[in-house]
Amino acid sequence: MNLSTPQRIALFLAAIGGIIWLGGLIVRAALGFDLFIAGTLTFKPDMPALAQAQTLRLFARTSFYTICGYGALLLIGGYLWLSHKAIWQERGGLFIGGMLVVLYIPIECWQIYYDVELIQLVQYASYNDFPLEAAKQLLVKRITLLSGAGPFLSMLGYLSSVFCLIVQPMRIQRTARTAHHS
């Protein structure tokens, strides 16, 4: 697959967007789940309200980066993926990786919706009038999207997509012998 210089730059930007997005998801998961008792969706009763508010504010602020990274990956990567349909048959991993990303767009859009709601809720709130209970409810809604399986399955799908794009499991190798006989 020969890429032109603009396509290589676009691929680089899509990869950077994907790295920021996936890395941001991991950081945000660590932030969000720090509020809960391990293995439950019960908020830690001994965590001070000020610490909960700060954690929720960080969770909301970091969503800006993940949303931008996801947008870059989806727009630029989607354009490159669709513009190379001719090689999908030879490079099945490229097709599978792209389809896995496409399948989870609705879940990601719902999560982005809750992220934007959380940003709007806590953006200008001071610690004295921080809407702690409303912010907690939004976080729980985001996490329990599709009965809790949605975010986990989408992360599994995205990691499978990265695997398919890197390993290229259904790649057809054309040797000189098969190319000669075709």
Side-chain angles (χ1 to χ4, degrees), residues 1-36 38-39 41 55 58-119 138-175:
M1 174 168 70
N2 294 327
L3 296 175
S4 66
T5 301
Q7 287 176 329
R8 288 174 192 255
I9 292 169
L11 183 61
F12 173 75
L13 293 175
I16 292 296
I19 290 167
I20 290 170
W21 170 64
L22 280 176
L25 287 181
I26 294 166
V27 167
R28 294 182 72 228
L31 281 171
F33 283 108
D34 187 47
L35 293 166
F36 301 105
L41 286 179
T55 302
L58 283 172
F59 187 86
R61 286 187 176 166
T62 54
S63 64
F64 170 77
Y65 301 103
T66 58
I67 291 170
C68 290
Y70 184 70
L73 172 69
L74 206 58
L75 293 175
I76 300 169
Y79 167 75
L80 288 171
W81 183 66
L82 289 172
S83 65
H84 288 90
K85 283 193 267 186
I87 63 169
W88 286 356
Q89 190 172 8
E90 288 179 18
R91 296 186 182 212
L94 182 64
F95 173 74
I96 292 170
M99 282 307 296
L100 284 169
V101 171
V102 169
L103 286 173
Y104 292 105
I105 289 173
I107 292 172
E108 199 62 37
C109 287
W110 272 111
Q111 288 181 331
I112 288 171
Y113 170 77
Y114 285 126
D115 287 341
V116 170
E117 289 287 314
L118 188 61
I119 290 169
L138 275 173
L139 180 64
V140 170
K141 281 182 182 179
R142 185 190 188 282
I143 291 172
T144 58
L145 183 67
L146 298 177
S147 300
F152 174 72
L153 288 177
S154 63
M155 180 59 82
L156 188 60
Y158 293 134
L159 292 176
S160 299
S161 175
V162 169
F163 174 80
C164 288
L165 291 171
I166 293 172
V167 175
Q168 291 286 317
M170 296 168 50
R171 187 172 180 179
I172 297 174
Q173 296 289 333
R174 294 198 178 244
T175 62

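Residue Tyr114 places its OH atom among more than 12 non-hydrogen atoms of other residues, nucleotides or ligands, all under 6.0 Å distant.
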Before giving the answer on side-chain contact (heavy atoms from CB on, under 4.5 Å), spell out for His84 and Arg91 the whole-Å C-alpha distance, their side-chain angles and the decisive distance to 0.1 Å. CA-CA 10 Å; His84 288 90; Arg91 296 186 182 212; over 6 Å; no
Mind running side-chain contact (heavy atoms from CB on, under 4.5 Å) on Trp110 and Lys141 for me, showing each step along the way? CA-CA 10 Å; Trp110 272 111; Lys141 281 182 182 179; over 6 Å; no
Hey, mind stepping through Ile96 and Leu165 against side-chain contact (heavy atoms from CB on, under 4.5 Å) and telling me if it holds? CA-CA 8 Å; Ile96 292 170; Leu165 291 171; over 6 Å; no
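With sequence neighbours excluded, no residue forms a ring-ring contact (aromatic ring centres under 6.0 Å, His included) with Phe59.
The two residues Ala14 and Ile76 have their closest heavy-atom pair at CB-CG2, 3.9 Å. Smallest separation of non-hydrogen atoms from Thr66 and Ser63: OG1-O, 2.9 Å. Considering all non-hydrogen atoms of both residues, Gly17 and Ala72 come closest at CA-CB, 4.2 Å.
The shortest side-chain heavy-atom distance between Leu22 and Leu73 does not fall under the 4.5 Å cut-off. The shortest distance between side-chain heavy atoms of Phe163 and Leu159 does not fall below 4.5 Å.
Of the inter-residue distances, the one linking Thr55 atom OG1 with Leu35 atom CG reads 5.0 Å to the nearest 0.5 angstrom. A distance of 12.0 Å separates CG of Leu75 from CG of Leu13, quoted to the nearest 0.5 Å. Here the straight-line distance linking atom CG of Leu80 with atom CG of Leu11 works out to 6.0 Å at 0.5 Å rounding. Taken from CG in Leu74 to SG in Cys109, the straight-line distance is 7.5 Å, to the nearest 0.5 Å. The CG atom of Leu103 sits 11.0 Å away from the OG atom of Ser160 when rounded to the nearest 0.5 Å. Interatomic distance, CD1 of Ile20 versus CG of Leu25, reported as 12.0 Å (0.5 Å rounding).
Looking only at distances, a side-chain donor or acceptor of Gln7 sits under 3.5 Å from a matching main-chain atom of Ser4. Not a single donor-acceptor pair under 3.5 Å links the side chain of Ser161 to the backbone N or O of Gly157. A donor-acceptor contact shorter than 3.5 Å is absent between the side chain of Tyr70 and the backbone of Tyr65. The backbone N or O of Leu94 sits less than 3.5 Å from a side-chain atom of Trp81, completing a donor-acceptor pair.
Residues in residues 109-118 take part in these salt bridge (charged side-chain N to carboxylate O under 4.0 Å, His left out) pairs, two or more places apart or across chains: Arg28-Asp115, Asp115-Arg142.
Using bins of under 30°, 30° to 60° and over 60° for the plane-to-plane angle, the ring pair Phe36/Phe33 lands in the tilted bin. Classified by interplanar angle (parallel below 30°, tilted 30° to 60°, perpendicular above 60°), the ring pair Trp88/Phe95 is tilted.
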